[in-house]
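Structure record follows, encoded as C-alpha coordinates.
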Amino acid sequence: MTLMSIKKFSFTYPGADEPSLKNITLPIEKNKITALIGPSGCGKSTLLRSMNRIHDLYPGNKYDGKIELFNETSKKYENILDIKKENEFIELRQKVGMIFQKPTPFPMSIFDNVAYGLKIAGIKNKSELQDRVENALKGSALWKEVHDRLGKSAMGLSGGQQQRLCIARAVAVKPELLLFDEPTSALDPISTGAIEELLVELKKDITIAIVTHNMQQASRISDYTAFMYLGDLVEYDKTENIFLNPKEKQTEDYITGRFG
Amino acid sequence: MKRLVINKIVLALSTLSAVLGLAFLAWILITLFVKGLSSFHLSLFVNDLINNGLRNLIIGQFILAGMASIIGIPLGMVAGIYIREYGRGRYANIIRNLSDIMMSAPSIVIGAFVYALVVVPTGHTSGFAGSIALAIMMIPIVISTTDSMLSLVPQELREAGIALGASKYKVIFDIVIKSAKVGIMTGILLAFARIVGETAPLLFTSQTSNYFTLDLTQAFPSLSVSIYDLASDVQTSSRDLAWAASFILTVMVLVINLTGKFITRNKK
(Lines give C-alpha, C1' and ligand atoms only; values in the text may rest on other atoms or scores of the structure.)
Protein backbone atom coordinates (compact mmCIF):
# COMPACT_ATOMS: atom_id res chain seq x y z
CA MET A 1 0.00 0.00 0.00
CA THR A 2 1.15 3.54 -0.72
CA LEU A 3 1.63 5.70 2.38
CA MET A 4 2.65 8.86 0.57
CA SER A 5 1.93 9.70 -3.00
CA ILE A 6 3.85 12.50 -4.67
CA LYS A 7 2.06 13.75 -7.78
CA LYS A 8 3.39 16.14 -10.43
CA PHE A 9 5.35 17.88 -7.72
CA SER A 10 7.54 20.89 -8.47
CA PHE A 11 9.53 22.95 -6.02
CA THR A 12 11.19 26.34 -6.41
CA TYR A 13 13.52 27.89 -3.83
CA PRO A 14 12.95 31.55 -2.95
CA GLY A 15 14.57 33.86 -5.47
CA ALA A 16 15.32 31.08 -7.97
CA ASP A 17 14.07 31.34 -11.56
CA GLU A 18 14.12 27.64 -12.29
CA PRO A 19 12.39 25.01 -10.16
CA SER A 20 14.76 22.67 -8.33
CA LEU A 21 12.31 19.80 -8.71
CA LYS A 22 10.27 19.31 -11.86
CA ASN A 23 7.09 17.33 -12.14
CA ILE A 24 8.02 14.51 -9.77
CA THR A 25 5.60 11.62 -9.40
CA LEU A 26 6.65 9.00 -6.89
CA PRO A 27 4.98 6.67 -4.40
CA ILE A 28 6.40 5.93 -0.96
CA GLU A 29 5.27 2.41 -0.15
CA LYS A 30 4.22 1.53 3.36
CA ASN A 31 6.67 -0.48 5.52
CA LYS A 32 9.28 -0.37 2.79
CA ILE A 33 12.54 1.52 2.45
CA THR A 34 12.64 3.88 -0.50
CA ALA A 35 16.09 5.19 -1.43
CA LEU A 36 16.62 8.45 -3.30
CA ILE A 37 19.89 8.44 -5.20
CA GLY A 38 21.57 10.73 -7.71
CA PRO A 39 24.53 13.07 -8.07
CA SER A 40 24.91 16.20 -5.91
CA GLY A 41 22.43 18.90 -6.81
CA CYS A 42 19.89 16.49 -8.31
CA GLY A 43 17.25 17.55 -5.79
CA LYS A 44 17.01 14.39 -3.71
CA SER A 45 17.41 16.23 -0.39
CA THR A 46 15.04 18.96 -1.57
CA LEU A 47 12.44 16.29 -2.30
CA LEU A 48 12.97 14.60 1.06
CA ARG A 49 12.70 17.93 2.86
CA SER A 50 9.39 18.60 1.10
CA MET A 51 7.87 15.46 2.59
CA ASN A 52 7.52 17.03 6.05
CA ARG A 53 7.67 20.59 4.75
CA ILE A 54 10.73 21.41 6.82
CA HIS A 55 11.44 23.88 3.98
CA ASP A 56 8.78 26.08 5.52
CA LEU A 57 11.20 27.13 8.24
CA TYR A 58 12.41 29.55 5.59
CA PRO A 59 9.86 31.68 3.78
CA GLY A 60 9.29 32.12 0.06
CA ASN A 61 9.35 28.53 -1.26
CA LYS A 62 7.00 27.65 -4.08
CA TYR A 63 5.26 24.29 -4.23
CA ASP A 64 3.27 22.93 -7.17
CA GLY A 65 1.44 19.65 -7.53
CA LYS A 66 0.48 17.38 -4.66
CA ILE A 67 2.07 15.39 -1.87
CA GLU A 68 -0.63 13.18 -0.43
CA LEU A 69 -0.26 11.41 2.90
CA PHE A 70 -2.63 8.62 3.87
CA ASN A 71 -4.61 9.48 6.98
CA GLU A 72 -5.17 6.36 9.10
CA THR A 73 -8.24 7.76 10.86
CA SER A 74 -10.16 9.13 7.90
CA LYS A 75 -8.78 6.46 5.51
CA LYS A 76 -8.23 9.20 2.95
CA TYR A 77 -5.24 10.78 1.27
CA GLU A 78 -4.63 14.37 2.35
CA ASN A 79 -2.48 16.87 0.47
CA ILE A 80 0.21 18.11 2.86
CA LEU A 81 0.88 21.09 0.59
CA ASP A 82 -2.47 22.52 1.71
CA ILE A 83 -1.26 22.85 5.29
CA LYS A 84 -1.17 26.41 6.53
CA LYS A 85 -1.86 26.38 10.26
CA GLU A 86 0.84 25.87 12.89
CA ASN A 87 -1.00 23.04 14.64
CA GLU A 88 -1.41 21.16 11.35
CA PHE A 89 2.33 21.50 10.73
CA ILE A 90 3.02 20.08 14.18
CA GLU A 91 0.69 17.18 13.47
CA LEU A 92 2.38 16.55 10.12
CA ARG A 93 5.84 16.48 11.67
CA GLN A 94 4.71 14.11 14.37
CA LYS A 95 3.65 11.76 11.58
CA VAL A 96 6.67 12.40 9.37
CA GLY A 97 9.93 12.56 11.34
CA MET A 98 13.41 13.38 10.11
CA ILE A 99 17.02 12.35 10.76
CA PHE A 100 19.84 14.57 9.54
CA GLN A 101 23.31 14.06 8.15
CA LYS A 102 25.06 15.24 11.28
CA PRO A 103 23.73 13.89 14.58
CA THR A 104 21.64 16.55 16.33
CA PRO A 105 21.49 15.67 20.02
CA PHE A 106 19.84 18.40 22.08
CA PRO A 107 21.84 19.92 24.95
CA MET A 108 20.09 17.86 27.61
CA SER A 109 20.25 14.37 29.13
CA ILE A 110 19.89 11.19 27.08
CA PHE A 111 16.50 10.55 28.68
CA ASP A 112 15.24 14.08 28.03
CA ASN A 113 16.37 13.88 24.42
CA VAL A 114 14.22 10.85 23.75
CA ALA A 115 11.37 12.19 25.88
CA TYR A 116 11.40 15.59 24.14
CA GLY A 117 9.04 14.75 21.29
CA LEU A 118 6.78 12.81 23.65
CA LYS A 119 6.45 15.76 26.01
CA ILE A 120 5.70 18.02 23.02
CA ALA A 121 2.99 15.54 22.04
CA GLY A 122 1.45 16.07 25.47
CA ILE A 123 2.51 12.91 27.32
CA LYS A 124 3.04 13.87 30.95
CA ASN A 125 2.58 10.57 32.79
CA LYS A 126 6.00 9.66 34.19
CA SER A 127 5.77 5.89 33.92
CA GLU A 128 4.44 6.12 30.37
CA LEU A 129 7.33 8.44 29.45
CA GLN A 130 9.78 6.00 31.00
CA ASP A 131 8.30 3.06 29.11
CA ARG A 132 8.28 4.82 25.78
CA VAL A 133 11.83 6.12 26.20
CA GLU A 134 13.05 2.64 27.13
CA ASN A 135 11.24 1.06 24.18
CA ALA A 136 12.56 3.65 21.76
CA LEU A 137 16.12 3.16 22.99
CA LYS A 138 15.74 -0.63 22.77
CA GLY A 139 14.27 -0.26 19.31
CA SER A 140 17.27 1.81 18.28
CA ALA A 141 19.77 -0.70 19.66
CA LEU A 142 21.10 1.84 22.12
CA TRP A 143 19.56 0.66 25.38
CA LYS A 144 22.41 -1.67 26.38
CA GLU A 145 24.97 1.08 25.94
CA VAL A 146 23.14 3.86 27.76
CA HIS A 147 20.67 2.29 30.24
CA ASP A 148 22.95 3.09 33.20
CA ARG A 149 23.55 6.72 32.22
CA LEU A 150 20.20 8.03 31.04
CA GLY A 151 20.62 11.15 33.17
CA LYS A 152 23.98 12.05 31.61
CA SER A 153 24.33 14.60 28.85
CA ALA A 154 23.77 13.29 25.32
CA MET A 155 26.78 15.31 24.18
CA GLY A 156 29.08 12.71 25.75
CA LEU A 157 28.01 9.96 23.33
CA SER A 158 30.02 8.97 20.26
CA GLY A 159 28.88 10.14 16.82
CA GLY A 160 27.27 6.80 15.98
CA GLN A 161 25.55 6.63 19.36
CA GLN A 162 24.32 10.21 18.93
CA GLN A 163 22.82 9.31 15.57
CA ARG A 164 21.06 6.27 17.04
CA LEU A 165 19.83 8.52 19.86
CA CYS A 166 18.34 10.85 17.25
CA ILE A 167 16.65 7.86 15.64
CA ALA A 168 15.33 6.77 19.05
CA ARG A 169 14.05 10.30 19.61
CA ALA A 170 12.23 10.26 16.28
CA VAL A 171 10.94 6.69 16.75
CA ALA A 172 9.60 7.47 20.23
CA VAL A 173 6.78 9.63 18.86
CA LYS A 174 5.71 6.68 16.64
CA PRO A 175 5.83 8.40 13.26
CA GLU A 176 4.36 6.77 10.18
CA LEU A 177 7.18 7.90 7.93
CA LEU A 178 10.80 8.63 8.81
CA LEU A 179 12.97 10.67 6.47
CA PHE A 180 16.72 10.06 6.56
CA ASP A 181 18.95 12.67 4.92
CA GLU A 182 22.29 10.90 4.41
CA PRO A 183 22.24 9.62 7.99
CA THR A 184 25.54 7.75 7.84
CA SER A 185 27.75 10.03 5.77
CA ALA A 186 29.36 11.48 8.89
CA LEU A 187 29.90 8.09 10.53
CA ASP A 188 32.56 5.35 10.52
CA PRO A 189 31.83 1.98 8.81
CA ILE A 190 30.94 0.15 12.03
CA SER A 191 28.42 2.80 13.12
CA THR A 192 27.10 2.86 9.56
CA GLY A 193 26.55 -0.91 9.67
CA ALA A 194 24.69 -0.60 12.96
CA ILE A 195 22.40 2.07 11.53
CA GLU A 196 21.72 0.13 8.34
CA GLU A 197 20.71 -2.93 10.39
CA LEU A 198 18.52 -0.68 12.49
CA LEU A 199 16.72 0.73 9.44
CA VAL A 200 15.90 -2.72 8.14
CA GLU A 201 14.59 -3.62 11.61
CA LEU A 202 12.53 -0.40 11.84
CA LYS A 203 10.64 -0.87 8.60
CA LYS A 204 8.37 -3.43 10.27
CA ASP A 205 6.69 -0.52 12.03
CA ILE A 206 7.73 2.57 10.14
CA THR A 207 7.96 3.52 6.49
CA ILE A 208 11.36 4.88 5.53
CA ALA A 209 12.64 7.25 2.85
CA ILE A 210 16.39 7.72 2.71
CA VAL A 211 18.65 9.99 0.71
CA THR A 212 22.05 8.44 0.22
CA HIS A 213 25.21 9.07 -1.75
CA ASN A 214 26.30 5.55 -1.13
CA MET A 215 24.94 3.22 -3.81
CA GLN A 216 25.99 0.07 -1.97
CA GLN A 217 23.93 1.33 0.93
CA ALA A 218 20.91 1.86 -1.32
CA SER A 219 21.24 -1.60 -2.80
CA ARG A 220 21.82 -3.24 0.60
CA ILE A 221 18.86 -1.84 2.50
CA SER A 222 16.23 -0.39 0.20
CA ASP A 223 13.19 -2.04 -1.40
CA TYR A 224 12.58 0.71 -3.93
CA THR A 225 15.01 3.15 -5.48
CA ALA A 226 14.41 6.45 -7.23
CA PHE A 227 17.19 7.84 -9.38
CA MET A 228 17.10 11.61 -9.79
CA TYR A 229 19.09 13.89 -12.03
CA LEU A 230 18.99 17.71 -12.28
CA GLY A 231 15.58 18.01 -10.63
CA ASP A 232 13.96 15.22 -12.64
CA LEU A 233 12.97 11.78 -11.51
CA VAL A 234 14.70 9.64 -14.13
CA GLU A 235 13.66 6.22 -12.95
CA TYR A 236 11.82 4.59 -10.09
CA ASP A 237 11.54 0.88 -9.59
CA LYS A 238 12.21 -2.01 -7.25
CA THR A 239 15.81 -1.71 -6.06
CA GLU A 240 16.98 -4.92 -7.75
CA ASN A 241 15.60 -3.74 -11.09
CA ILE A 242 17.32 -0.36 -10.79
CA PHE A 243 20.65 -1.96 -10.00
CA LEU A 244 20.45 -5.03 -12.26
CA ASN A 245 18.24 -3.97 -15.17
CA PRO A 246 17.92 -0.20 -15.31
CA LYS A 247 15.64 0.95 -18.13
CA GLU A 248 17.23 4.33 -18.62
CA LYS A 249 20.75 4.84 -19.90
CA GLN A 250 21.37 7.69 -17.41
CA THR A 251 20.56 5.39 -14.50
CA GLU A 252 22.89 2.73 -15.79
CA ASP A 253 25.69 5.26 -16.31
CA TYR A 254 25.26 6.55 -12.78
CA ILE A 255 25.14 3.24 -10.96
CA THR A 256 28.06 1.84 -12.93
CA GLY A 257 30.01 4.95 -11.93
CA ARG A 258 30.38 6.46 -15.37
CA PHE A 259 29.32 9.86 -14.04
CA GLY A 260 28.23 11.57 -10.83
CA MET B 1 68.31 35.71 1.58
CA LYS B 2 66.25 38.84 1.06
CA ARG B 3 63.14 37.10 2.33
CA LEU B 4 64.97 36.02 5.48
CA VAL B 5 66.04 39.60 6.20
CA ILE B 6 62.53 40.95 5.65
CA ASN B 7 61.21 38.21 7.87
CA LYS B 8 63.57 39.22 10.66
CA ILE B 9 62.69 42.91 10.33
CA VAL B 10 58.96 42.23 10.44
CA LEU B 11 59.41 39.93 13.41
CA ALA B 12 61.49 42.52 15.27
CA LEU B 13 59.00 45.32 14.53
CA SER B 14 55.97 43.35 15.62
CA THR B 15 57.71 42.16 18.79
CA LEU B 16 58.67 45.75 19.57
CA SER B 17 55.09 46.98 19.09
CA ALA B 18 53.73 44.21 21.28
CA VAL B 19 56.27 44.94 24.03
CA LEU B 20 55.55 48.67 23.80
CA GLY B 21 51.80 48.13 24.10
CA LEU B 22 52.17 45.75 27.01
CA ALA B 23 54.70 48.04 28.70
CA PHE B 24 52.16 50.86 28.87
CA LEU B 25 49.54 48.52 30.24
CA ALA B 26 52.00 47.25 32.85
CA TRP B 27 52.96 50.83 33.69
CA ILE B 28 49.34 51.78 34.30
CA LEU B 29 48.67 48.68 36.39
CA ILE B 30 51.87 49.02 38.41
CA THR B 31 51.23 52.71 39.16
CA LEU B 32 47.69 51.85 40.12
CA PHE B 33 48.78 49.01 42.39
CA VAL B 34 51.61 50.96 44.06
CA LYS B 35 49.63 54.15 44.64
CA GLY B 36 46.39 52.32 45.30
CA LEU B 37 47.87 49.83 47.76
CA SER B 38 49.71 52.56 49.71
CA SER B 39 46.39 54.27 50.41
CA PHE B 40 44.47 51.04 50.73
CA HIS B 41 43.08 50.06 54.08
CA LEU B 42 40.41 47.60 55.14
CA SER B 43 38.57 50.40 56.94
CA LEU B 44 37.72 51.74 53.46
CA PHE B 45 35.17 48.91 53.22
CA VAL B 46 33.56 49.85 56.54
CA ASN B 47 33.23 53.63 56.32
CA ASP B 48 31.29 55.76 53.89
CA LEU B 49 32.85 58.56 51.89
CA ILE B 50 31.76 61.15 54.45
CA ASN B 51 34.10 59.33 56.90
CA ASN B 52 36.85 58.85 54.30
CA GLY B 53 35.71 55.36 53.37
CA LEU B 54 34.40 53.84 50.12
CA ARG B 55 31.71 51.49 51.37
CA ASN B 56 28.71 53.47 50.11
CA LEU B 57 30.42 54.03 46.74
CA ILE B 58 31.20 50.34 46.10
CA ILE B 59 27.70 49.25 47.09
CA GLY B 60 26.19 52.11 45.08
CA GLN B 61 28.20 51.24 41.98
CA PHE B 62 26.99 47.64 42.11
CA ILE B 63 23.38 48.68 42.68
CA LEU B 64 23.53 51.03 39.68
CA ALA B 65 25.07 48.34 37.47
CA GLY B 66 22.66 45.75 38.88
CA MET B 67 19.62 47.90 38.14
CA ALA B 68 21.00 48.56 34.66
CA SER B 69 21.34 44.78 34.17
CA ILE B 70 17.77 44.18 35.30
CA ILE B 71 16.63 46.61 32.60
CA GLY B 72 19.26 45.93 29.95
CA ILE B 73 19.74 42.14 29.94
CA PRO B 74 16.12 41.10 29.23
CA LEU B 75 15.64 43.84 26.64
CA GLY B 76 18.94 43.08 24.94
CA MET B 77 18.38 39.31 24.97
CA VAL B 78 14.87 39.53 23.58
CA ALA B 79 16.05 41.92 20.86
CA GLY B 80 18.98 39.61 20.07
CA ILE B 81 16.63 36.62 19.85
CA TYR B 82 14.35 38.62 17.58
CA ILE B 83 17.00 39.62 15.07
CA ARG B 84 18.56 36.15 14.91
CA GLU B 85 15.52 33.87 15.14
CA TYR B 86 12.45 35.81 14.07
CA GLY B 87 13.59 38.86 12.14
CA ARG B 88 13.65 38.56 8.40
CA GLY B 89 15.89 40.44 6.01
CA ARG B 90 15.64 44.20 6.10
CA TYR B 91 14.05 44.84 9.49
CA ALA B 92 16.43 42.59 11.35
CA ASN B 93 19.38 44.18 9.58
CA ILE B 94 18.24 47.71 10.37
CA ILE B 95 17.97 46.84 14.06
CA ARG B 96 21.32 45.06 13.98
CA ASN B 97 23.01 48.08 12.41
CA LEU B 98 21.32 50.51 14.78
CA SER B 99 22.48 48.42 17.70
CA ASP B 100 26.05 48.38 16.37
CA ILE B 101 25.97 52.16 16.02
CA MET B 102 24.62 52.46 19.54
CA MET B 103 27.50 50.33 20.79
CA SER B 104 30.01 52.87 19.55
CA ALA B 105 28.04 55.92 20.74
CA PRO B 106 30.24 58.03 23.06
CA SER B 107 29.16 57.31 26.63
CA ILE B 108 28.99 61.02 27.49
CA VAL B 109 26.36 61.42 24.76
CA ILE B 110 24.28 58.71 26.38
CA GLY B 111 24.68 60.56 29.67
CA ALA B 112 23.50 63.81 28.05
CA PHE B 113 20.56 61.99 26.46
CA VAL B 114 19.36 60.57 29.77
CA TYR B 115 19.96 63.95 31.39
CA ALA B 116 17.55 65.54 28.93
CA LEU B 117 15.12 62.62 29.11
CA VAL B 118 14.98 61.92 32.86
CA VAL B 119 16.94 64.43 34.91
CA VAL B 120 15.45 67.62 33.41
CA PRO B 121 11.78 66.53 33.67
CA THR B 122 12.18 65.20 37.23
CA GLY B 123 14.21 68.24 38.25
CA HIS B 124 17.10 66.39 39.92
CA THR B 125 19.67 63.66 39.43
CA SER B 126 18.74 60.17 40.58
CA GLY B 127 19.97 56.59 40.82
CA PHE B 128 17.26 55.62 38.35
CA ALA B 129 18.58 58.04 35.76
CA GLY B 130 22.08 56.61 36.21
CA SER B 131 20.79 53.04 35.87
CA ILE B 132 18.91 53.93 32.69
CA ALA B 133 22.04 55.47 31.18
CA LEU B 134 24.05 52.35 32.01
CA ALA B 135 21.26 50.12 30.68
CA ILE B 136 21.34 52.01 27.37
CA MET B 137 25.07 51.30 27.20
CA MET B 138 24.51 47.65 28.01
CA ILE B 139 21.64 46.84 25.63
CA PRO B 140 23.61 46.89 22.35
CA ILE B 141 26.38 44.76 23.87
CA VAL B 142 23.85 42.16 25.03
CA ILE B 143 22.07 42.29 21.65
CA SER B 144 25.29 41.70 19.78
CA THR B 145 26.42 38.85 22.09
CA THR B 146 23.06 37.11 21.97
CA ASP B 147 22.88 37.52 18.20
CA SER B 148 26.35 36.13 17.54
CA MET B 149 26.08 33.29 20.07
CA LEU B 150 22.74 32.17 18.59
CA SER B 151 24.27 32.31 15.12
CA LEU B 152 26.81 29.67 16.24
CA VAL B 153 24.04 27.16 16.96
CA PRO B 154 23.88 24.81 13.96
CA GLN B 155 20.76 25.19 11.84
CA GLU B 156 20.22 21.39 11.89
CA LEU B 157 19.50 21.60 15.61
CA ARG B 158 16.58 23.96 14.96
CA GLU B 159 15.38 21.75 12.11
CA ALA B 160 15.63 18.66 14.33
CA GLY B 161 13.41 20.34 16.92
CA ILE B 162 10.89 21.41 14.29
CA ALA B 163 10.94 17.91 12.77
CA LEU B 164 9.87 16.48 16.14
CA GLY B 165 6.75 18.64 16.08
CA ALA B 166 7.99 21.41 18.37
CA SER B 167 6.78 24.92 17.69
CA LYS B 168 9.30 27.61 16.87
CA TYR B 169 9.34 29.26 20.27
CA LYS B 170 9.72 25.85 21.97
CA VAL B 171 12.73 25.11 19.78
CA ILE B 172 14.26 28.50 20.56
CA PHE B 173 13.74 28.31 24.31
CA ASP B 174 14.30 24.58 24.92
CA ILE B 175 17.11 23.89 22.48
CA VAL B 176 18.74 26.90 20.82
CA ILE B 177 19.19 29.10 23.88
CA LYS B 178 20.31 26.11 25.94
CA SER B 179 23.03 25.39 23.38
CA ALA B 180 24.20 28.98 23.43
CA LYS B 181 23.77 29.40 27.19
CA VAL B 182 27.44 29.56 28.20
CA GLY B 183 28.34 32.01 25.45
CA ILE B 184 25.42 34.29 26.24
CA MET B 185 26.18 34.20 29.96
CA THR B 186 29.81 35.06 29.35
CA GLY B 187 28.80 37.91 27.07
CA ILE B 188 26.43 39.28 29.70
CA LEU B 189 29.17 39.08 32.31
CA LEU B 190 31.55 41.01 30.04
CA ALA B 191 28.81 43.56 29.34
CA PHE B 192 28.42 43.96 33.10
CA ALA B 193 32.17 44.42 33.49
CA ARG B 194 32.03 47.03 30.76
CA ILE B 195 29.38 49.17 32.46
CA VAL B 196 30.42 48.67 36.08
CA GLY B 197 33.39 51.00 35.62
CA GLU B 198 31.67 53.69 33.55
CA THR B 199 31.86 57.33 34.60
CA ALA B 200 30.51 59.49 31.81
CA PRO B 201 26.93 58.12 31.69
CA LEU B 202 26.66 58.70 35.47
CA LEU B 203 28.34 62.10 35.65
CA PHE B 204 25.19 64.14 35.31
CA THR B 205 22.52 61.48 35.71
CA SER B 206 23.10 59.90 39.12
CA GLN B 207 26.12 61.99 40.15
CA THR B 208 27.41 60.65 43.44
CA SER B 209 26.79 60.97 47.13
CA ASN B 210 28.94 61.02 50.25
CA TYR B 211 26.35 59.09 52.20
CA PHE B 212 25.06 55.56 52.15
CA THR B 213 21.64 55.35 50.51
CA LEU B 214 19.37 52.84 48.82
CA ASP B 215 16.98 55.51 47.58
CA LEU B 216 17.26 55.45 43.81
CA THR B 217 15.11 58.56 43.41
CA GLN B 218 17.96 60.71 44.74
CA ALA B 219 21.58 61.35 43.75
CA PHE B 220 23.27 57.99 44.16
CA PRO B 221 26.77 57.07 45.40
CA SER B 222 29.06 55.80 42.68
CA LEU B 223 32.71 54.82 42.79
CA SER B 224 33.60 56.04 39.32
CA VAL B 225 32.07 59.52 39.63
CA SER B 226 33.62 59.93 43.08
CA ILE B 227 37.03 59.01 41.66
CA TYR B 228 36.53 61.83 39.18
CA ASP B 229 35.62 64.25 41.98
CA LEU B 230 38.33 63.12 44.39
CA ALA B 231 41.08 63.11 41.81
CA SER B 232 40.49 66.77 41.02
CA ASP B 233 40.30 67.75 44.69
CA VAL B 234 42.98 70.04 46.15
CA GLN B 235 43.53 67.93 49.25
CA THR B 236 46.19 65.22 49.05
CA SER B 237 44.13 62.92 51.26
CA SER B 238 41.28 63.04 48.72
CA ARG B 239 43.63 62.20 45.88
CA ASP B 240 45.03 59.25 47.86
CA LEU B 241 41.48 58.05 48.37
CA ALA B 242 40.94 58.37 44.60
CA TRP B 243 43.92 56.06 44.01
CA ALA B 244 42.56 53.50 46.44
CA ALA B 245 39.14 53.70 44.78
CA SER B 246 40.67 53.32 41.31
CA PHE B 247 42.58 50.28 42.53
CA ILE B 248 39.43 48.67 43.92
CA LEU B 249 37.40 49.44 40.79
CA THR B 250 40.11 48.01 38.53
CA VAL B 251 40.37 44.82 40.57
CA MET B 252 36.57 44.45 40.44
CA VAL B 253 36.45 44.81 36.66
CA LEU B 254 39.45 42.51 36.27
CA VAL B 255 37.90 39.79 38.41
CA ILE B 256 34.61 39.91 36.46
CA ASN B 257 36.45 39.78 33.15
CA LEU B 258 38.65 36.88 34.22
CA THR B 259 35.60 34.99 35.48
CA GLY B 260 34.06 35.40 32.03
CA LYS B 261 37.21 34.14 30.32
CA PHE B 262 37.46 31.25 32.78
CA ILE B 263 33.90 30.12 32.05
CA THR B 264 34.50 30.14 28.29
CA ARG B 265 37.77 28.25 28.58
CA ASN B 266 36.29 25.58 30.86
CA LYS B 267 33.48 25.05 28.40
CA LYS B 268 35.88 24.51 25.53
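In what follows, every chain begins at residue 1, and chains take the letters A, B, ... in the order their sequences are listed. If you're wondering where the values come from, they're calculated on a predicted model, not measured in any experiment.
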Begin from the C-alpha positions of B/Gln155 and A/Phe100 and carry the test side-chain contact (heavy atoms from CB on, under 4.5 Å) through to its verdict.
CA-CA 11 Å; B/Gln155 196 57 29; A/Phe100 300 83; over 6 Å; no
Positions in residues 156-176 of chain B that reach chain A, provided some heavy atom is under 4.5 Å away
B/Glu156, B/Leu157, B/Glu159, B/Ala160, B/Gly161, B/Ile162, B/Ala163, B/Leu164, B/Gly165, B/Ala166, B/Ser167, B/Lys168, B/Lys170, B/Val171, B/Asp174, B/Ile175
Heavy-atom cut-off 4.5 Å, strictly under: side chain, backbone, both or neither for A/Pro105 against chain B?
backbone
Where on A/Ile120 is there a heavy atom nearer than 4.5 Å to chain B: the side chain, the backbone, both, or neither?
side chain
Given that the side chain runs from C-beta out, which part of A/Tyr116 has a heavy atom under 4.5 Å from chain B: side chain, backbone, both or neither?
side chain
Enclosure of A/Lys102 NZ (heavy-atom neighbours >12, cutoff 6.0 Å)
no
Can you tell me if NZ on A/Lys119 sees more than 12 non-hydrogen neighbours from other groups inside 6.0 Å?
yes
Can you sort out the partners of A/Gln161 under side chain to side chain donor-acceptor pair (under 3.5 Å), two or more places apart, ordered by chain and number?
A/Glu145, A/Ser158
Go through the atoms of A/Arg169 and report whether side chain, backbone, both or neither lie under 4.5 Å from a heavy atom of chain B.
both
Report, as yes or no, whether the 6.0 Å neighbourhood of atom OH on A/Tyr58 holds more than 12 heavy atoms from other residues, nucleotides or ligands.
yes
Strictly less than 4.5 Å between heavy atoms, which residues of residues 134-152 of chain B line up against chain A? Please order them by number.
none
Flag yes if more than 12 heavy atoms outside B/Phe113 fall under 6.0 Å of its CZ atom; otherwise flag no.
no
Using non-hydrogen atoms only, which part of A/Ile54 is less than 4.5 Å away from chain B: side chain, backbone, both, or neither?
side chain
Using 0.5 Å steps for rounding, measure from the OG atom of B/Ser179 to the CE atom of A/Met108.
8.0 Å
Under 3.5 Å, which donor-acceptor pairs do the side chains of residues 191-199 of chain B form with other protein atoms, sequence neighbours left out?
{"unit_1": "B/Arg194", "atom_1": "NH1", "unit_2": "B/Glu198", "atom_2": "OE2", "d": "2.6"}

